[in-house]
**Student:** 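Here you go, one structure.
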There are 2 protein chains.
Amino acid sequence: MSDNWMSDKELRRLTRGFQALHSVLRLRILAALAERESNVRDLEDVLRVSQPLISWHLTQLRQAGFVTAERVGREVRYQLQPAAFQELVGTIEALLGISLSDEGEINGTLEG
Amino acid sequence: MSDNWMSDKELRRLTRGFQALHSVLRLRILAALAERESNVRDLEDVLRVSQPLISWHLTQLRQAGFVTAERVGREVRYQLQPAAFQELVGTIEALLGISLSDEGEINGTLEG
DNA sequence: CAAATCCATAAATAACCGTTTATATGTCGT
DNA sequence: ACGACATATAAACGGTTATTTATGGATTTG
């Protein structure tokens, strides 16, 4: 069925994506941004961690494409980029030759 | 729309999933297993890396739920577990309140 | 231009993870 | 039970990444 192959370059890009998501704090940042576009200060308040730390993680997330930054006045507004997640999922599907759409839910079988 | 919240425990589990996928070698292992169920020796041949290294990564992938192991004779056959990926995607969708189905493909816009 | 605000970057340290090398566990055949 | 094969685990090392602390750059306000 799937005579699958993927270049090193593509694989590395995939891993960069996963790497950007392997931190609880980053997932929290993303969840916050999913609720509303925010600046660094907002996130600092919501997540209760230092400003440089937020900035650093935002940089990582931006480099991975999961968020975009836009300067407005002295703030920088960060915004979730759902397309990056869709692309990530699409690449996994291609790599593994499986479908990750909700059709998988037909059986309803989940782990224990 | 999404008054989203997720427990620390769930988030940590998500990160464990991403962590398990942030290595090129692991993605290669998964791709190989997507083509055919294999034992450690098979993977060693295909991927050209040492046996303990393969074993270690397989252990990580197994703990994250992406593969299952079944002992048959003196071999251990490893098998891809697509449901784990589907669950991962489902959790991201819940966390971020976005849909990751193929609808994103309507435009056909992919990476550059 | 000075003060205040918002954010990014640098340097130093600590925690984590992958890789190797060596060894142990388990299974089959004789 | 012994030797061969297949896999797992342990210990040690090295590299990478997260976190803190301190500082610099950019922008608005007066």
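Letters A, B, ... are given to chains in the order of the sequence lines, protein chains preceding strands, and every chain is numbered from 1. Quick caveat, the model's predicted, so the values are computed rather than measured.
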**Student:** Specify the residues of residues 14-25 of chain B, ordered by number, for which at least one heavy atom lies under 4.0 angstrom from an atom of DNA chain C.
**Tutor:** Q19(B), H22(B), L25(B)
**Student:** Just so I know, are the side chains of N39(B) and D42(B) near enough to count as touching, which here means a heavy-atom distance under 4.5 Å?
**Tutor:** yes
**Student:** Does anything in residues 41-56 of chain A reach DNA chain D, meaning a heavy atom under 4.0 Å, and if so which residues?
**Tutor:** P52(A), L53(A), W56(A)
**Student:** Which part of the nucleic acid, if any, lies within contact of R26(B), taking any heavy atom under 4.0 Å across all strands shown: a base, the sugar-phosphate backbone alone, or nothing?
**Tutor:** sugar-phosphate
**Student:** Walk along nucleotides 25-30 of chain D from 5' to 3' and tag each nucleotide B, S or - by protein heavy-atom contact under 4.0 Å, base first, then sugar-phosphate.
**Tutor:** --BB--
**Student:** Q60(A) has an atom CD; how far is it from atom P of dT19(D), in whole Å?
**Tutor:** 11 Å
**Student:** Checking E93(A) side chain against L100(A) main chain: does a donor-acceptor pair fall under 3.5 Å?
**Tutor:** yes
**Student:** Round to a whole Å and report the spacing from CD of E75(A) to P of dT5(C).
**Tutor:** 13 Å
**Student:** Between Y78(B) and dA8(D), does any side-chain N or O lie under 4.0 Å from OP1 or OP2?
**Tutor:** yes
**Student:** Tell me the interatomic distance from N39(A), atom CG, to dA8(C), atom C1', rounded to whole angstroms.
**Tutor:** 14 Å
**Student:** Quick check against the 3.5 Å criterion: does Q79(B) have a side-chain atom that pairs as donor or acceptor with the backbone of R36(B)?
**Tutor:** no
**Student:** Choosing from dC6(C), dA18(D), dT7(D), which nucleotide comes nearest the side chain of H57(A)?
**Tutor:** dA18(D)
